[in-house]
**Q** 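I am attaching a structure below and will ask some questions about it afterwards.
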Amino acid sequence: KPFRGNRPKTLTFDEAFRSAPEGTDKDTVLQALGQPDSRRINQGFEVWQYDTLVVEEGQKHILAIQYDEGKVAEVHGM
């Protein structure tokens, strides 16, 4: 079910990774995860970073989604 631009409270890494599989378009990611905390260009690729979305064992983790031609190319958890 889409979040209509509102970010879900928190997700686990597994839930976040399942919400943005490789090949997913940006609109689908926005519906699933909401607006990122930041956007940047890294080595020619757009990267969306979520700083407070993923929480596991009481700790916040960074989720970074890299796009290539408007589709998810890689997802990293830190």
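Source: prediction; values computed, not measured.
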**Q** What's the separation between atom OG1 in Thr24 and atom CG in Leu30, rounded to the nearest 0.5 Å?
**A** 12.0 Å
**Q** How is the hydrophobic cluster of Met78 composed, in terms of its other members, when Ile, Leu, Val, Met, Phe, Trp and Tyr link through side-chain heavy atoms under 4.5 Å apart, directly or indirectly?
**A** Ile62
**Q** Compare every heavy atom of Tyr50 with every heavy atom of Pro36, then report the nearest pair and how far apart it is.
**A** CA-CE2, 3.4 Å
**Q** Where do Lys60 and Val55 come nearest, in terms of heavy atoms and distance?
**A** CG-CG2, 3.9 Å
**Q** Taking distance alone, no hydrogens or angles, what donor-acceptor pairs closer than 3.5 Å link side-chain atoms of residues 64-77 to residues at least two apart or in another chain?
**A**
from: Glu74; atom 1: OE1; to: His76; atom 2: NE2; distance (Å): 2.7

**Q** Would you name the heavy atoms of Ser19 and Leu33 that are closest together and state the gap between them?
**A** CB-CD2, 3.7 Å
**Q** Considering all heavy atoms of both residues, which atom of Val54 and which atom of Thr12 are nearest to each other, and what is their separation?
**A** CG1-C, 4.0 Å
**Q** Calculate, to the nearest 0.5 Å, the distance between atoms CG and NE2 belonging to Leu11 and His61 respectively.
**A** 12.5 Å
**Q** Indicate every side-chain donor-acceptor pair of residues 38-45 with a distance under 3.5 Å to a residue at least two apart or in another chain.
**A**
from: Arg39; atom 1: NH2; to: Gln35; atom 2: OE1; distance (Å): 2.6
from: Arg40; atom 1: NH1; to: Gln49; atom 2: OE1; distance (Å): 2.9

